[in-house]
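Below is one structure, written out as structure tokens; comments come after it.
First the proteins, then the strands, lettered A, B, ... as listed; each starts at 1. Just so you know, these numbers use all the heavy atoms, side chains as well, and skip hydrogens, waters and symmetry mates.
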There are 2 protein chains.
Amino acid sequence: MPDETEHWEDRLEQYLHEKGLRMTRQRQVIAREFFAITGHPNIDELCARVRRADPSIGQATVYRTLKLFVDSGLANQSRFGDGPARYESADVDHHDHLICVDCGRIVEFRNDTIEKLQEKIAASHGFEMTDHEMVIYGHCDAPACVARRASRGRD
Amino acid sequence: MPDETEHWEDRLEQYLHEKGLRMTRQRQVIAREFFAITGHPNIDELCARVRRADPSIGQATVYRTLKLFVDSGLANQSRFGDGPARYESADVDHHDHLICVDCGRIVEFRNDTIEKLQEKIAASHGFEMTDHEMVIYGHCDAPACVARRASRGRD
DNA sequence: ATGGCTGCAAACCGTTTGCAACTAT
DNA sequence: ATAGTTGCAAACGGTTTGCAGCCAT
């Protein structure tokens, strides 16, 4: 189990060293921008941010670097519905997602009862659980969403 | 709530009629093939089967027809990991999926405690749940998978 | 100097769409 | 007759990849 208290700088450096890979200016910039974001950026959003810091960085490099982060365990990839892949730092505890089908707001939650049940369910079917995804879709209580729903209901 | 005891023939016909749409030879063939499958076919697999029955049916029609089934509530779409969309008949009770990361085997399960917890979690965050997806990934106990894992563990 | 890394553009793959011909109503 | 439907092929959007040059080691 990785030491979650280490900073991503050290963890990334260590991973690169282990694998004989190299720390580059691009990887530094992408990592700095990525780990500064609290949220679930997709590649386009990340690309925009990265390019504000260094416009010369190509989209392909951002794709390749995020894949590197996922492989190294520094980031997690999620897919919500049909949309593009979204990423988040893995330096926090595991959690699942709640998504508003109206405004796209993403809320994180964690429920230990469900986590434990998942293990149990997997085991009862002869599976050794390695991972899981859980996304709940619904209408959130943001004023704009409630209003939109009310006016649609009237039609 | 739709009457689950009606056959898909009637439900489809009713939906088409409601929406002013038409029953065509292609839709009949695709529906017959789709509802005869127990499993989670993707478009390619379905297409292959449909074309065995009628080689003149185009892939686009299969895509459009499955979308129709989903819109009508006759089918559910799922996405597992990165792969293509998979479909299954909605004429059975809701369930979630357990997928073997080694062989791709898909096992269905249902757990009412989790279902109820999901509602509660959504509500506690001010969401009105409309849907949810839950996929557990793991290593299954099929002999081939156990063997593969054992030999990989030795490396 | 070596071999990993980069940006670019082209390829890829699942899916959607424009179109002219066709067909269920 | 009307308007929905079809097959085809082209377009699409997100992602990956081949390549020639670049740069960290």
Side-chain angles (χ1 to χ4, degrees), chain A residues 9 12-34 40-48 50-72 75-87 104, chain B residues 9 12-34 40-48 50-72 75-87 104:
Chain A
E9 278 101 338
L12 178 54
E13 210 152 328
Q14 190 192 332
Y15 179 81
L16 293 175
H17 187 254
E18 273 172 12
K19 299 277 179 180
L21 306 177
R22 296 167 188 180
M23 175 56 83
T24 62
R25 177 179 51 83
Q26 288 90 333
R27 285 177 179 168
Q28 280 168 2
V29 172
I30 295 168
R32 195 180 316 125
E33 294 302 321
F34 175 66
H40 304 76
N42 59 30
I43 293 290
D44 279 354
E45 291 160 358
L46 204 45
C47 234
V50 163
R51 282 175 164 157
R52 232 169 285 141
D54 181 343
S56 73
I57 294 179
Q59 192 194 36
T61 299
V62 178
Y63 270 103
R64 287 189 276 231
T65 303
L66 266 286
K67 190 169 197 288
L68 178 74
F69 292 171
V70 171
D71 289 346
S72 70
N76 292 134
Q77 192 191 55
S78 304
R79 290 172 175 276
F80 304 128
D82 287 11
R86 293 185 171 273
Y87 300 85
Chain B
E9 277 100 338
L12 179 54
E13 208 151 331
Q14 190 191 333
Y15 178 81
L16 293 173
H17 187 253
E18 272 171 15
K19 298 277 180 182
L21 305 177
R22 295 168 188 178
M23 176 54 85
T24 62
R25 176 179 50 82
Q26 289 89 333
R27 285 177 179 166
Q28 280 167 3
V29 172
I30 295 168
R32 196 180 316 125
E33 294 301 321
F34 175 65
H40 304 76
N42 59 31
I43 293 291
D44 279 355
E45 290 160 359
L46 204 45
C47 235
V50 163
R51 283 176 163 155
R52 232 169 285 143
D54 181 342
S56 74
I57 294 179
Q59 190 194 35
T61 300
V62 179
Y63 270 103
R64 287 188 277 231
T65 304
L66 265 287
K67 190 170 197 289
L68 178 75
F69 292 170
V70 171
D71 290 346
S72 70
N76 291 133
Q77 192 191 56
S78 305
R79 288 170 176 278
F80 303 128
D82 287 10
R86 291 184 171 274
Y87 300 84

| message | Starting the side chain at C-beta, find the nucleotide from C/dC8, C/dT17, C/dT15 nearest to B/Pro84. | response |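 Between C/dC8, C/dT17, C/dT15, the one nearest the side chain of B/Pro84 would be C/dT15.
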Is the phosphate of [N], meaning OP1 or OP2, less than 4.0 Å from a side-chain N or O of [X]?
X       : N      : answer
B/Tyr63 : C/dT16 : no
B/Thr24 : D/dT6  : yes
A/Ser56 : C/dT6  : no

In whole angstrom, give the distance that lies between atom [atom1] of [X] and atom [atom2] of [N].
X       : N      : atom1 : atom2 : value
B/Leu16 : C/dT25 : CG    : P     : 9 Å
B/Leu68 : C/dT16 : CG    : C1'   : 16 Å
B/Gln28 : D/dT6  : CD    : C1'   : 15 Å
A/Asp71 : D/dT16 : CG    : P     : 11 Å
A/Leu66 : C/dC5  : CG    : P     : 15 Å
B/Arg22 : D/dG4  : CZ    : C1'   : 4 Å
A/Gln26 : D/dC23 : CD    : P     : 9 Å
A/Asp82 : C/dC13 : CG    : C1'   : 15 Å

| message | Once rounded to the nearest 0.5 Å, what's the spacing between atom CZ of A/Arg27 and atom CD of A/Glu13? | response |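 Interatomic distance, A/Arg27 CZ to A/Glu13 CD, rounded to 0.5 Å: 12.0 Å.
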| query | Does a side-chain heavy-atom distance below 4.5 Å link A/Glu45 with A/Arg86? | reply |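 Yes, their side chains come closer than 4.5 Å.
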| A/Val62 side chain near A/Gln26 side chain, heavy-atom distance below 4.5 Å |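 SC-SC contact between A/Val62 and A/Gln26 ruled out.
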| Pick the nucleotide of DNA chain C nearest each of B/Leu21 and B/Asp44; which residue has the one closer to the 5' end? |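 By nearest-heavy-atom nucleotide position, the 5'-most residue is B/Asp44.
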| said: Quick check on DNA chain C: between A/Arg27 and B/Lys67, whose nearest nucleotide comes earlier from the 5' end? | reply: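 Result: A/Arg27.
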| said: Under a 4.0 Å threshold between the charged nitrogen and the carboxylate oxygen, would B/Glu33 count as salt-bridged to B/Arg52? | reply: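 Salt bridge flag = no for B/Glu33 with B/Arg52.
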| query | Of B/Ala60 and B/Met23, whose closest DNA chain D nucleotide lies nearer the 5' terminus? | reply |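 First, find each residue's nearest nucleotide; the 5'-ward one identifies B/Met23.
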| query | How is A/Arg64 classified with respect to the nucleic acid when contacts are heavy atoms under 4.0 Å: base, sugar-phosphate, or nothing? | reply |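 Touches a base.
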| So what does B/Gly20 hit on the nucleic acid, given a heavy-atom distance under 4.0 Å: a base, only sugar-phosphate, or nothing? |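 B/Gly20: backbone/sugar contact only, no base atoms under 4.0 Å.
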| message | Using the side chain to side chain contact (heavy atoms under 4.5 Å, CB included) definition, which of the options A/Asp71, A/Ile30, A/Asn42 pairs with A/Leu66? | response |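 Testing each of A/Asp71, A/Ile30, A/Asn42 against A/Leu66, the sole residue satisfying side chain to side chain contact (heavy atoms under 4.5 Å, CB included) is A/Ile30.
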